[in-house]
Asker: 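The structure's right below; bear with me while I get my questions together.
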Amino acid sequence: MRKKVYFITPVSFPVGGAATMRKLALAKGLIHHGYDVHIISTMNNDPKSNRELRNFQGVDYHCSAPKDMWGGSKIKKFYHLYYGFYSALLFILKDSKKNSETLITTNEYRFTKCLTIRIIAKMRSAYYYTELNENPMVTYKKKSPISSFVRFSNIKYSLKLYDDVFVMTSKLKELLASNYNIRKNVYVLHNAVDFERFEDLPEIKYIPNTIFYAGSLSFKKDYLDLLLESFKELISYIPDAILKICYFSSDKYLNLFNKKVSELELKDNILMFPDVANSDIPLLMKESQTLIIIRKPNEQTSYGFPTKLVEYLASGRPVIVSSISDIPDFLKHKENAVLLENNSIDEIVEAIRFIFDNPKKADNIGSSGKSICRIKFNNIIESKKIIKQFEYSGSIKHH
């Protein structure tokens with residue numbers, strides 16, 4: 001009989017962004033500890049379709065959504081969402097008959113859906129948990145007081161249906177206690193990185209005066225507008241500086257980003273890399289002199305912990321990052337990262353110039369950051385926390 005973990009998620013796999021990489025890292029950690037892992041994507045975002053059962057680096061996966069890609073009318077979207085979700089549950093109900101131990105995890109916070117999974121978990125004596133990586137009330141759409149209350153209630157009572165809730169930061173744990181009155185069965189599970197992606201990289205020399213960023217082009221989360229304005233100031237001192245950006249060509253903020261680049265006349269100093277394979281990103285990091293994330297405190301960034309940060313650290317290159325959420329609990333200024341306290345243009349430019357002007361010190365910062373990452377954000381260590389709670393939960397039930 002096998003021990004198996006099922007991930008139910010709307011994000012694509014194995015190609016995708018931060019959420020995909022986070023799930024892959026934890027999945028490989030669980031495999032290391034003797035568990036089979038099956039990731040089920042409930043939304044079809046892949047034009048080639050991955051509905052058939054496949055395997056990626058030891059992780060089984062498939063898409064449970066309809067063959068047609070996500071989109072169309074509201075009726076089609078509604079059908080797509082629920083078809084994918086309930087197909088996933090039916091698959092688990094059938095497939096888990098072969099398991100000696102079953103774990104089910106999802107980031108679903110709609111009460112009716114969570115209740116359905118809770119019932120399936122009871123039927124299979126499964127351990128049902130979630131991993132919360134940011135403030136669950138974050139929304140980019142204006143909500144009426146009634147819809148906000150319904151959403152809040154959905155989240156609160158959905159979280160109570162899980163056996164355990166793992167949160168990415170201590171700030172999130174405090175938020176659940178203060179805003180949702182959820183104090184039991186909440187544990188900190190740090191963001192984790194799959195170090196195998198960085199192990200076989202060649203020892204190459206970085207390209208001088210290069211800065212690297214990967215992720216959303218949004219001005220709300222990673223504040224790319226501030227990065228561009230700071231970069232404009234930087235090239236008045238270092239005209240040959242290059243900003244490398246990895247992004248998805250489907251990014252809804254691309255036009256706004258390009259408009260800002262044109263306004264600041266930065267086109268000649270920016271290299272854009274659309275739709276880069278996850279396996280190729282570590283090498284682009286290694287080729288850069290420094291990696292950067294600028295985040296201003298808000299309801300999203302103040303509670304989460306950037307997945308790109310742990311990947312940046314794993315590359316061994318010096319990282320410049322805003323000092324928010326739990327970040328300063330792990331990283332010390334100019335020891336294992338360069339921390340931004342104010343996110344001002346002057347401070348950002350000074351941080352980049354410090355890296356460029358002090359290559360030996362910068363190399364030491366990068367090496368120290370990688371060492372911290374191995375200890376604090378290791379997927380093998382973090383996934384073990386899930387197993388320990390599962391085993392503890394089982395011992396409690398049997399008593």
Side-chain angles (χ1 to χ4, degrees), residues 193 198 201-215 222-247 261 264 266 268-273 281-296 301 305-325 327-374 376-377:
V193 63
F198 298 87
L201 292 179
E203 284 300 324
I204 58 174
K205 181 68 176 175
Y206 58 76
I207 301 170
N209 300 338
T210 52
I211 306 160
F212 176 90
Y213 169 83
D222 287 342
Y223 291 90
L224 270 291
D225 54 342
L226 184 56
L227 174 58
L228 292 176
E229 289 164 6
S230 301
F231 186 62
K232 175 68 173 180
E233 179 70 16
L234 177 74
I235 60 177
S236 67
Y237 300 101
I238 308 173
D240 65 342
I242 294 294
L243 175 60
K244 299 192 300 185
I245 296 184
C246 290
Y247 70 104
V261 170
L264 296 173
L266 292 174
D268 293 340
N269 291 78
I270 294 180
L271 296 179
M272 302 289 284
F273 297 86
I281 287 180
L283 186 59
L284 285 171
M285 292 182 187
K286 291 282 284 187
E287 292 174 343
S288 306
Q289 191 167 1
T290 188
L291 319 176
I292 193 165
I293 313 171
I294 303 170
R295 287 193 162 180
K296 291 181 181 178
T301 61
F305 199 100
T307 297
K308 66 171 67 67
L309 174 56
V310 296
E311 299 210 338
Y312 280 9
L313 293 169
S315 75
R317 289 294 186 238
V319 177
I320 299 170
V321 61
S322 301
S323 180
I324 61 169
S325 188
I327 291 173
D329 294 345
F330 299 97
L331 302 177
K332 295 187 182 300
H333 184 51
K334 292 186 177 179
E335 288 188 22
N336 38 46
V338 176
L339 300 184
L340 303 172
E341 295 292 342
N342 303 312
N343 285 335
S344 67
I345 290 176
D346 288 345
E347 183 187 29
I348 294 164
V349 172
E350 181 184 345
I352 297 171
R353 293 186 68 185
F354 170 79
I355 297 292
F356 288 176
D357 294 342
N358 300 275
K360 288 187 177 180
K361 175 65 174 174
D363 283 348
N364 290 335
I365 290 172
S367 297
S368 181
K370 186 171 184 176
S371 297
I372 285 291
C373 190
R374 281 191 181 280
K376 300 295 185 180
F377 308 113

Asker: Does the side chain of R317 come within less than 4.5 Å of K370's, by heavy atoms?
Answerer: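 No, side chains not in contact.
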
Asker: Say whether, by atom type as modelled, one donor and one acceptor occur between the side chain of S315 and the main chain of Y312 under 3.5 angstrom.
Answerer: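 Yes.
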
Asker: When you measure from the side chain of S236 to the backbone of E233, do you find a donor-acceptor pair of N or O atoms at a distance under 3.5 Å?
Answerer: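 Checked: pair present.
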
Asker: Any idea which heavy atoms bring P318 and I355 closest together, and the distance?
Answerer: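 Residues P318 and I355, closest heavy atoms: CB-CD1, 3.7 Å.
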
Asker: In terms of the angle between their ring planes, are F377 and F305 parallel, tilted or perpendicular, with boundaries placed at 30° and 60°?
Answerer: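 Judged by the thresholds at 30° and 60°, the geometry between F377 and F305 is tilted.
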
Asker: Is a side-chain N or O of T210 found less than 3.5 angstrom from the main chain of Q289, in a donor-acceptor match?
Answerer: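 Yes, T210 side chain to Q289 backbone: donor-acceptor pair under 3.5 Å.
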
Asker: Name all residues meeting the salt bridge (charged side-chain N to carboxylate O under 4.0 Å, His left out) criterion together with R353; count only those two or more places apart in sequence or in a different chain, and write none if there are none.
Answerer: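 Applying salt bridge (charged side-chain N to carboxylate O under 4.0 Å, His left out) to R353 gives none.
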
Asker: Side chains of Y223 and D225, heavy atoms from C-beta outward: is any pair under 4.5 Å?
Answerer: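 A side-chain contact under 4.5 Å exists here.
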
Asker: Does any part of the side chain of V193, heavy atoms only, come nearer than 4.5 Å to the side chain of F198, both counted from C-beta?
Answerer: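 Result yes, sub-4.5 Å side-chain heavy-atom pair found.
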
Asker: Contact between N209 and I242 at the side-chain level, heavy atoms closer than 4.5 Å - yes or no?
Answerer: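 No, their side chains stay 4.5 Å or more apart.
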
Asker: Restricting to non-hydrogen atoms, name the atom on K232 and the atom on L264 that form the minimum distance, rounded to 0.1 Å.
Answerer: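 Minimum heavy-atom contact is NZ-O, 2.9 Å.
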
Asker: Could you tell me whether the side chain of I320 reaches within less than 4.5 Å of the side chain of I211, counting heavy atoms only?
Answerer: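 Of all side-chain heavy-atom pairs linking I320 with I211, none is under 4.5 Å.
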
Asker: Scan L284, I245, I281 and name whichever one has a side chain to side chain contact (heavy atoms under 4.5 Å, CB included) with F273.
Answerer: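 In the set L284, I245, I281, the residue that makes a side chain to side chain contact (heavy atoms under 4.5 Å, CB included) with F273 is L284.
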
Asker: Would you call L243 and L227 a side-chain contact if the rule is heavy atoms closer than 4.5 Å?
Answerer: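 Counting from C-beta outward, L243 and L227 do come under 4.5 Å.
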
Asker: Is T301 reaching over with its side chain to a backbone N or O of K296, donor-acceptor style, under 3.5 angstrom?
Answerer: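 Yes; judged by distance alone, with no hydrogens or angles, the pair exists.
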
Asker: Using the rule given for side chain to side chain contact (heavy atoms under 4.5 Å, CB included), can you reason through E287 versus F212, listing the C-alpha separation, both sets of side-chain angles and the distance that settles it, and then say yes or no?
Answerer: CA-CA 9 Å; E287 292 174 343; F212 176 90; over 6 Å; no

Asker: Identify the heavy atoms of I293 and P306 that sit nearest to each other, and give their distance.
Answerer: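 The pair with the smallest heavy-atom distance is CD1-CB, 4.3 Å.
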
Asker: Side chains of residues 327-340: which donor-acceptor pairs under 3.5 Å do they make with residues two or more places apart or in other chains?
Answerer:
unit_1: H333; atom_1: ND1; unit_2: L339; atom_2: N; d: 3.1
unit_1: N336; atom_1: OD1; unit_2: K332; atom_2: N; d: 2.7

Asker: Please lay out, stage by stage, how I348 and I292 fare under the test side chain to side chain contact (heavy atoms under 4.5 Å, CB included).
Answerer: CA-CA 10 Å; I348 294 164; I292 193 165; 4.1 Å; yes

Asker: Is there a side-chain contact between L234 and F356 (heavy atoms, below 4.5 Å)?
Answerer: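 The answer is yes, as the side chains (C-beta and beyond) meet within the 4.5 Å cut-off.
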
Asker: Which atom names give the shortest non-hydrogen contact between S288 and Y206, and what distance separates them?
Answerer: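 In terms of heavy atoms, the two residues are closest at O-CB, 3.6 Å.
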
Asker: Could I get the full list of side chain to side chain donor-acceptor pair (under 3.5 Å) partners for E229, not counting sequence neighbours?
Answerer: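 In terms of side chain to side chain donor-acceptor pair (under 3.5 Å), with neighbours along the sequence ignored, E229 is linked to K260.
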
